[in-house]
2 protein chains.
Amino acid sequence: MLDKSHKHVTCSTCMSRSSSLLGGLCSDEVTNLEDHKTCNYYKKSQSLFLEGSFPRGVFCINQGKVKVFKRGDEGKEQIIHIAKEGEMVGFRAMFSGDPYNVAAETLEESNICFIAKDDFLNMMDTNVTLRNGIIKELSKELSDRASFITNMAQKSVRERLAFALILLKGVYEPEPINLSREDMANFVGTATETLIRLLKDFKEEGIIEVHTRKLTILNLDKLVSIAGK
Amino acid sequence: MLDKSHKHVTCSTCMSRSSSLLGGLCSDEVTNLEDHKTCNYYKKSQSLFLEGSFPRGVFCINQGKVKVFKRGDEGKEQIIHIAKEGEMVGFRAMFSGDPYNVAAETLEESNICFIAKDDFLNMMDTNVTLRNGIIKELSKELSDRASFITNMAQKSVRERLAFALILLKGVYEPEPINLSREDMANFVGTATETLIRLLKDFKEEGIIEVHTRKLTILNLDKLVSIAGK
DNA sequence: CTTAAAACTTGACACTTGTCATTTTTTCAA
DNA sequence: TTGAAAAAATGACAAGTGTCAAGTTTTAAG
């Protein structure tokens with residue numbers, strides 16, 4: 001349970017920042033950031049931003065998890081990414097000038113800071129390390145999405161589920177994976193019923209263990225071999 | 001038929017450049033670019049770069065078309081993007097320091113210039129317009145790929161084909177679409193046989209017209225309504 | 001603690017889509 | 001022009017996956 005009263009997270013001591021894109025800031029810049037950012041406690045399932053709205057700044061996750069998703073024609077969510085502590089969310093659309101083409105929502109209670117667009121763009125102008133970090137991050141995500149597309153197009157649901165569980169392990173570690181069946185299905189790109197059946201198979205094959213919603217991976221090697229390269 | 005003897009494309013008069021990311025260069029920079037770039041004629045199906053190799057620079061398409069693709073587990077290509085005149089290819093991996101995670105190959109004979117990595121990065125350091133253009137482009141592609149993923153996950157092959165044909169129209173205009181069935185299938189993310197059957201349906205429905213490999217869209221509205229939003 | 005709502009699970013079934021085999025057409029080089 | 005190779009097309013069939021409907025379990029609010 002997060003401390004709701006402790007509204008303000010201090011950048012200079014934020015453990016999530018040091019390993020993030022904002023890790024390369026000098027102390028002046030951290031002080032400046034400190035003065036300009038706001039910090040908020042979010043309950044589970046609260047929206048950070050909606051598809052179609054215009055970006056006002058970036059979100060830094062201090063604590064918690066956020067799903068980034070897009071709705072298809074029939075309103076079904078496709079989860080593009082699940083962000084955890086130390087990640088920044090919502091900066092892409094800021095550069096293009098376009099409205100968000102994805103939405104973001106907390107998956108659990110979270111502490112998330114907010115840096116206004118102008119402040120962030122100013123920092124990017126003056127800080128080469130930050131700027132290069134952002135460009136690198138954008139490139140890396142582009143690469144991830146090329147793989148995502150290829151997986152969607154060519155792998156079976158079983159293979160994609162194995163792949164997704166490996167990713168989710170990285171997101172939730174050292175905790176067990178804790179995601180609703182529907183969200184998991186929307187991440188894998190399948191129907192909830194199909195996902196449940198396949199999870200059952202994995203249980204019976206001794207690959208995973210499930211207690212209510214908490215899922216633990218027992219045999220990672222097996223998952224890797226199912227997921228393919 | 002391109003003029004193979006005319007090896008050197010002049011940046012200052014290149015019509016493809018003016019509408020590209022390099023459109024914002026000042027005349028000094030264009031002169032500098034001119035001195036540092038090389039220009040090559042490519043036959044159909046020639047490789048620009050391979051998945052796994054390290055980027056040495058960026059490719060500017062003066063004339064022709066290039067497919068950017070990734071191979072899945074069984075070696076099947078998934079086409080991520082088809083680039084035409086005026087587009088730049090292969091710059092993403094340059095920023096991340098990682099090897100290419102995609103490959104690029106000409107779809108037809110092409111004139112393509114090459115700017116070495118160092119020269120390009122220098123230009124980016126000194127030219128704010130170019131730099132912002134690149135960041136914007138990366139963001140835009142990220143957005144496109146989120147939609148691509150969602151389409152893959154939620155649309156039927158018929159819907160995806162309609163969507164793909166609309167995109168391809170934009171790439172080939174004012175010429176008819178001219179792509180092998182296999183490439184088209186690898187773009188849509190389906191088996192070649194399935195693609196052929198669906199094209200046949202579209203023909204019978206009067207939506208498209210096909211002469212050997214050249215495909216013309218007769219009823220764009222219908223395609224749009226099939227593709228969905 | 002109780003109860004309603006939400007989430008999860010299971011079963012039955014149909015249909016889209018991929019695979020394999022074969023034939024036809026097109027391309028392109030000799 | 002001709003022949004071989006590549007590309008395109010068609011048919012048959014099975015498997016994977018989505019949908020719908022009905023049940024069960026878990027969650028969370030009163």
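Below, chains carry the letters A, B, ... as their sequence lines are ordered, and counting in each starts from 1. All values derive from a computational prediction rather than experimental measurement.
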Student: Given atom CG of B:Asp201 and atom C1' of D:dA9, what is their separation to the nearest angstrom?
Tutor: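 Checked: the CG to C1' distance equals 13 Å.
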Student: Quick check on side chain to side chain contact (heavy atoms under 4.5 Å, CB included): which of A:Val102, A:Leu48, A:Ile80, A:Leu107 does A:Lys67 satisfy it with?
Tutor: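 When side chain to side chain contact (heavy atoms under 4.5 Å, CB included) is applied between A:Lys67 and each of A:Val102, A:Leu48, A:Ile80, A:Leu107, only A:Leu107 qualifies.
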Student: To the nearest Å, how far apart are A:His211 NE2 and D:dT26 C1'?
Tutor: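 It is 15 Å, rounded to the nearest whole Å.
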Student: Does D:dT10 have OP1 or OP2 under 4.0 Å away from a side-chain N or O of B:Lys200?
Tutor: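 Yes, B:Lys200 has a side-chain N/O under 4.0 Å of OP1/OP2 on D:dT10.
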Student: Rounded to whole Å, how long is the line connecting atom CG of A:Asp183 with atom C1' of C:dA7?
Tutor: 12 Å
Student: What pairs with B:Val157 under side chain to side chain contact (heavy atoms under 4.5 Å, CB included), at least two apart in sequence or on another chain?
Tutor: B:Arg160, B:Val188, B:Thr190, B:Thr194, B:Leu198
Student: Any side-chain heavy atom of A:Ser143 sitting closer than 4.5 Å to one from B:Arg92?
Tutor: no
Student: Got A:Arg71 and A:Glu51 here, is their nearest side-chain heavy-atom distance under 4.5 Å?
Tutor: yes
Student: Rounding to an integer number of Å, can you tell me how far B:Met152 CE sits from C:dT16 C1'?
Tutor: 16 Å
Student: When you compare the protein's N or O atoms with those of nucleotides 25-30 of chain C, which come within less than 3.5 Å of each other, and at what distance?
Tutor:
none

Student: Tell me the interatomic distance from B:Glu182, atom CD, to D:dA9, atom C1', rounded to whole angstroms.
Tutor: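 Distance check: B:Glu182 CD to D:dA9 C1' gives 14 Å.
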Student: For A:Leu161 and D:dG18, what is the distance between atoms CG and P respectively, to the nearest whole Å?
Tutor: 12 Å
Student: Could you tell me the separation between the CD atom of B:Gln154 and the P atom of C:dT16, rounded to a whole number of Å?
Tutor: 18 Å
Student: Please determine whether a side-chain nitrogen or oxygen atom of B:Arg158 lies at a distance below 4.0 Å from atom OP1 or OP2 of C:dT16.
Tutor: no
Student: For DNA chain C, which residues in residues 186-199 of chain B have a heavy atom at a distance below 4.0 Å?
Tutor: B:Thr190, B:Ala191, B:Glu193, B:Thr194, B:Arg197
Student: Is it true that the NZ or CZ of A:Lys84 lies under 6.0 Å from the centre of A:Tyr172's six-membered ring and within 45 degrees of the ring axis?
Tutor: no
Student: Regarding A:Glu109 and A:Tyr42, is there a side-chain donor-to-acceptor distance under 3.5 Å anywhere?
Tutor: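 There is no such pair between these side chains.
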Student: Taking side chain as C-beta onward, heavy atoms only, is A:Leu22 less than 4.5 Å from A:Cys60?
Tutor: yes
Student: Taking the side chain as C-beta and beyond, is there a heavy-atom pair between B:Glu85 and B:Asn62 under 4.5 Å?
Tutor: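 B:Glu85 does not reach B:Asn62 side chain to side chain.
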Student: Between A:His81 and A:Glu87, is there a side-chain donor-acceptor contact under 3.5 Å, judged purely by atom types and distance?
Tutor: yes
Student: Without decimals, in angstroms, what is the distance between B:Leu179 CG and D:dA7 P?
Tutor: 12 Å
